[in-house]
There are 2 protein chains.
Amino acid sequence: MTAQPTESRRDELLAIAARLFAEKGFRNTTVRDIADAAGILSGSLYHHFDSKESMVDEILSTFQEELFGQYDAILASSDLDPLAKLEQAVLVSFEAIDKHRDEVAIYQNDAAYLLTFERFAYLGERNQQSRAVWLTLLQNGIDAGVLRDDLDLELTYRFIRDTIWVAVSWYRPGGRRTHTEIAKQYLSILLEGIHHG
Amino acid sequence: MTAQPTESRRDELLAIAARLFAEKGFRNTTVRDIADAAGILSGSLYHHFDSKESMVDEILSTFQEELFGQYDAILASSDLDPLAKLEQAVLVSFEAIDKHRDEVAIYQNDAAYLLTFERFAYLGERNQQSRAVWLTLLQNGIDAGVLRDDLDLELTYRFIRDTIWVAVSWYRPGGRRTHTEIAKQYLSILLEGIHHG
DNA sequence: GTCTATACCTAGATAGAC
DNA sequence: GTCTATCTAGGTATAGAC
């Protein structure tokens with residue numbers, strides 16, 4: 001169980017690749033870009049990974065496993081009421097934007113393209129899973145009488161999903177507001193609206 | 001003032017290019033893709049346009065001129081109160097998603113990349129202009145006492161901007177809801193929130 | 001684990017015939 | 001206005017030496 005130098009070099013390269021994929025997009029990042037940033041030559045990358053696709057695959061699947069584990073824990077939790085669960089899901093999502101910005105950005109920008117390959121079909125399944133999570137949270141809130149029941153559920157889900165994840169395009173850690181403060185403002189608008197009174 | 005065949009062929013090719021740029025992204029669309037879709041060979045495209053960049057340039061600048069003309073008209077209008085102006089701006093934006101889906105999608109997906117070229121600097125200016133429009137609408141609403149004054153204006157602006165334009169990723173004309181119905185649901189959530197009571 | 005060298009492919013763009 | 005033919009640059013990936 002000691003540190004494995006091989007593993008850490010892999011992770012280092014993956015982190016470099018993730019940063020570049022997030023900044024420039026997957027297609028627009030060349031293996032030479034990644035190698036340059038790592039201080040090696042492009043051919044050397046293929047000692048660690050068998051393709052550029054393998055890199056983004058590992059980056060995204062690792063991240064999603066963690067994120068959906070958190071959603072599952074919230075859904076399964078017995079000491080949160082429906083409203084608290086919804087709030088917690090929003091908070092966890094903004095935390096993901098803070099802690100895993102590159103991964104979220106890659107997913108936002110490149111998932112549609114990657115989905116055209118069979119090997120990334122799991123991204124589509126995760127999409128469905130995410131939809132199920134939010135629809136469940138919303139429906140439970142409606143059933144408990146704490147959320148409006150006159151809204152289109154599907155539209156409301158998209159509204160929430162979009163406003164959360166799109167924040168990765170402008171959120172910068174260390175900025176004027178922490179991710180928690182942003183999440184709370186978002187929740188305030190989402191729950192109470194911007195209308196006065 | 002008769003029909004100009006040269007002009008209409010140009011427009012036809014631009015529409016084909018816009019559709020492909022919107023579907024696959026600007027970088028991921030090759031000039032051969034465009035030529036194939038138009039039923040000609042790639043070299044022939046250069047009789048009409050001097051580069052792929054010129055095509056997307058013409059597509060985006062034409063669209064933005066129209067959209068910002070509408071925003072300016074709303075801001076200048078004297079028979080709308082602050083709340084009505086805000087609502088009108090949201091409606092006009094969703095109408096743009098309906099009427100100019102390709103252009104909006106291209107802007108959403110590729111503006112960040114295009115902005116790295118000097119020739120597309122005007123996209124950055126349009127960004128600033130858009131921000132000014134929404135901040136003005138919000139501030140006028142707050143001053144008139146119809147909007148909450150306890151929210152971060154900048155965050156609220158981003159919230160509105162993001163929820164509107166990201167809809168282009170899932171909205172399809174002829175779907176279950178018209179763009180006007182979607183705009184009204186969005187306004188309902190934005191103004192009143194999803195909380196019950 | 002990295003380098004040298006290179007194969008192979010696809011991209012944007014051009015020149016001149018028709 | 002379109003075609004044929006082609007140039008050049010830059011991309012992913014590989015093979016084998018060090």
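Just so it is clear, the model here is predicted, and its values are computed rather than measured. Chain identifiers are assigned alphabetically (A, B, ...) following the order of the sequence lines, protein sequences preceding nucleic acid strands; residue numbering begins at 1 within each chain.
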query = Does the side chain of A:His47 get closer than 4.0 angstrom to OP1 or OP2 of C:dG1 through an N or O atom?
reply = yes

query = Should B:Tyr171 and B:Val168 count as side-chain neighbours, where that means a heavy-atom distance under 4.5 Å?
reply = no

message = Any salt bridge linking A:Arg27 with A:Asp110? Criterion: basic side-chain nitrogen under 4.0 Å from a carboxylate oxygen.
response = no

key: Distance (rounded to the nearest 0.5 Å) between A:Leu13 CG and A:Ser8 OG   = 9.5 Å

query = Which of parallel (below 30°), tilted (30 to 60°) and perpendicular (above 60°) describes B:Phe159 and A:Tyr186?
reply = perpendicular

message = For A:Tyr71 and A:Trp134, take the angle between the two ring planes, folded into 0 to 90°, and tell me which bin it lands in: parallel under 30, tilted 30 to 60, perpendicular over 60.
response = perpendicular

message = What is the distance, to the nearest angstrom, from the CG atom on A:Asn28 to the C1' atom on D:dG10?
response = 12 Å

task = Go through A:Arg10 and A:Glu58 one step at a time and tell me if the salt bridge (charged side-chain N to carboxylate O under 4.0 Å, His left out) criterion holds.
result = CA-CA 11 Å; A:Arg10 252 185 95 83; A:Glu58 197 164 330; 2.4 Å; yes

key: Spacing between A:His48 atom NE2 and D:dT12 atom P, to the nearest angstrom   = 17 Å

task = Take the protein atom CG of A:Leu45 and the nucleotide atom C1' of C:dT2, then report the distance between them rounded to whole Å.
result = 11 Å

message = Rounded to whole Å, how long is the line connecting atom CZ of A:Phe49 with atom P of C:dT2?
response = 11 Å

query = Does anything in residues 84-97 of chain A pair up under salt bridge (charged side-chain N to carboxylate O under 4.0 Å, His left out), and if so which pairs, sequence neighbours excluded?
reply = none

ask   = Are there more than 12 heavy atoms of other residues, nucleotides or ligands under 6.0 Å from atom NZ of B:Lys24?
value = yes

remark   = Double-helix bend of the helix from C:dG1-D:dC18 to C:dC18-D:dG1, axes at both ends from 5 pairs, round to 10°, gives 10°

remark   = Scoring nucleotides 4-18 of chain C by protein non-hydrogen atoms under 4.0 Å (B base, S sugar-phosphate only, - none) yields B------BBBB----

request  = Measure from CZ on A:Arg9 to P on C:dG1 and round the result to the nearest Å.
outcome  = 9 Å

